[in-house]
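Right, one structure below, let's go through it.
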Amino acid sequence: MKDKTCVVVGGGIVGLLAAYLAAKKFTKVILIEKSLNAGGLLGSFEFNGALYDYGTHFPSITNIDDLDQILYGTKNERTEKYEHFPYLKSENYFMGEWNLSSPLPSTLSLPREVYAQGIIELLEAPGSNPSELNFEKYLISTFGNTFTTHIYKPILKKLLNEDLGKLDKNVLKVFGIQRLIALTSEVTKDLKSIPKYNDCLGFHSYTDGAPTLPYCYPKGSNGIGFWSDELFKKTLQAGVEIKTSKFVCNIDLNNTKIKSVELNDGSQIKCDLVFWSISPTLALKAAGVKISSIPPKFRSHTLCHFEFEGPFLKLFPQYLLCWDVEMISYRITLYPNITKDKSKLQRYNLTVEVLSDASAETRSQYILEKVLDEIRLMKIVSYDNKVLASKVEYMGNSFPILTVEFIDNLHKMNTQINDNFSNLILLGRGSGGNFFINDLLIDTYNKLQTIAEDYDDR
Ligand SMILES: Cc1cc2nc3c(=O)[nH]c(=O)nc-3n(C[C@H](O)[C@H](O)[C@H](O)COP(=O)(O)OP(=O)(O)OC[C@H]3O[C@@H](n4cnc5c(N)ncnc54)[C@H](O)[C@@H]3O)c2cc1C
């Protein structure tokens with residue numbers, strides 16, 4: 001598209017992909033990133049010589065050849081640069097014990113009488129009802145009252161601190177707890193042939209029912225940041241101008257058409273099209289539009305990074321989940337179990353993620369100490385394994401509390417964006433309900449294919 005300028009706001013993996021694709025169609029593409037480095041939640045950082053990730057670790061092959069080529073290179077490059085996992089090895093800690101073969105909470109960890117009552121209710125439950133809007137009622141009709149009360153209520157209270165009745169059923173997908181472990185492995189396999197039980201019972205092992213598209217992680221202890229760095233380089237090579245440590249303060253509108261954006265350094269960028277991969281609220285604010293919906297609520301996200309002197313007690317799982325409500329730890333990533341790089345000195349480092357309220361910012365040191373206690377108590381690391389380095393990072397209010405109201409407001413916000421801007425296209429988590437990296441990347445790829453072509457005709 002000759003003489004057209006496109007601005008992409010947000011330099012996470014979604015913004016990088018959008019900018020790379022836009023560069024094939026627009027004369028000039030400018031990417032605006034608020035932080036010093038691009039990559040967002042798919043970035044890594046070095047601390048005391050070891051690499052740690054910011055939050056998300058495992059994208060998977062998308063099965064769209066062109067997109068996979070952009071994201072991972074040719075088939076040879078993919079094999080050379082990335083580890084491939086047909087499934088991720090995971091375990092979970094719940095009610096004071098480990099389930100060694102699945103990330104799903106196990107009903108078998110409940111006291112005997114509670115378990116027995118729960119199983120009767122689960123088998124007799126009517127089954128999941130997709131049109132049920134009250135989440136608590138949805139859970140009861142899927143799993144029965146006992147498992148709802150003894151498993152879902154406390155786990156979701158720990159993670160989101162919100163009334164069950166207000167949540168949207170998508171929270172189950174976001175945390176990967178759509179099903180529970182119950183009965184025996186063999187009985188479960190038999191029952192799963194009946195749709196009602198397939199909806200609520202999970203395979204006992206992560207090796208069963210695994211996805212067919214492999215997960216990827218950079219080889220050589222490079223951290224997931226290597227992946228977004230590769231796309232960053234490609235984006236630069238494609239001619240995109242990347243402005244870091246910059247954000248949009250003002251949007252200049254002519255009716256509904258964005259003419260230019262003003263950055264925090266006072267510079268103005270004239271533009272024909274804007275791709276917006278950050279919160280839609282910020283676009284409306286920058287244009288001085290009164291926001292008609294209630295601001296979304298988020299949980300804060302704290303990362304506790306540790307390096308230990310020697311190996312962990314858990315030698316195989318790549319990540320662990322802690323559903324135990326007595327503990328604040330949520331997800332634990334064990335880097336040496338993802339990539340065993342013989343060419344480098346073996347490091348024994350891990351990251352524990354904690355979801356909590358915003359007061360976490362002032363309690364960071366306490367959180368770090370509590371989490372260290374927990375990983376020893378859970379026997380992930382032995383008491384005599386010395387801490388070589390530790391670091392706590394408060395990532396702000398970043399984890400959406402997916403209530404019915406949240407989703408409703410997101411739709412209202414999207415409508416307001418469409419009503420106020422004719423040349424702004426939303427991408428990423430704020431654009432309409434997707435959360436996982438792969439869904440967002442595929443959505444971005446599809447939007448860039450079609451919207452840019454439409455745009456030429458305007
Ligand atoms: C705690 C947590 C855990 C998650 N775990 C998983 C998981 O296990 N699996 C999975 O598939 N997905 C997971 N997700 C979702 C996943 O992280 C997102 O799908 C992915 O990060 C989306 O990339 P993005 O580029 O849209 O956003 P981000 O990675 O958030 O990037 C946004 C970028 O925009 C920049 N920015 C922010 N404000 C401005 C501004 N005003 N101006 C300019 N730039 C700005 C930021 O600095 C950042 O670089 C998780 C999300 C969170 C919050």
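Every number for a ligand or one of its atoms is a count from 1 in the order of the listing. None of the values given here were measured: they were computed from a predicted structure. Note that these values count all heavy atoms, side chains included, but never hydrogens, waters or copies made by symmetry.
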Do the side chains of K412 and D408 get close enough for a salt bridge, i.e. N-O under 4.0 angstrom?
yes
Indicate the ring-plane relationship of [X] and [Y], choosing parallel, tilted or perpendicular according to the 30° and 60° boundaries.
| X | Y | result |
| --- | --- | --- |
| H305 | F45 | perpendicular |
| F399 | F175 | parallel |
| F312 | F308 | perpendicular |

Any idea which atoms of ligand 1 are less than 4.0 Å away from a heavy-atom of [X]?
| X | value |
| --- | --- |
| R429 | 16 (C), 17 (O), 18 (C), 20 (C), 21 (O), 22 (C), 27 (O), 30 (O) |
| F436 | 9 (N), 10 (C), 11 (O), 12 (N), 19 (O) |
| F247 | 40 (C), 41 (N), 42 (N) |
| G40 | 29 (O), 31 (O), 48 (C), 49 (O) |
| S398 | 53 (C) |
| I13 | 23 (O), 25 (O) |

I want to confirm something. Looking only at heavy atoms, which of N264, I278, L303 is nearest to atom 36 (N) of ligand 1?
I278
Got an N/O contact under 3.5 Å between [X] and ligand 1?
| X | value |
| --- | --- |
| H301 | no |
| V248 | no |
| S35 | yes |
| I437 | yes |

M395 near ligand 1 by a heavy-atom separation under 4.0 Å
no
Name the residue from F58, W227, Y82, F226 that meets the side chain to side chain contact (heavy atoms under 4.5 Å, CB included) definition with Y217.
F58
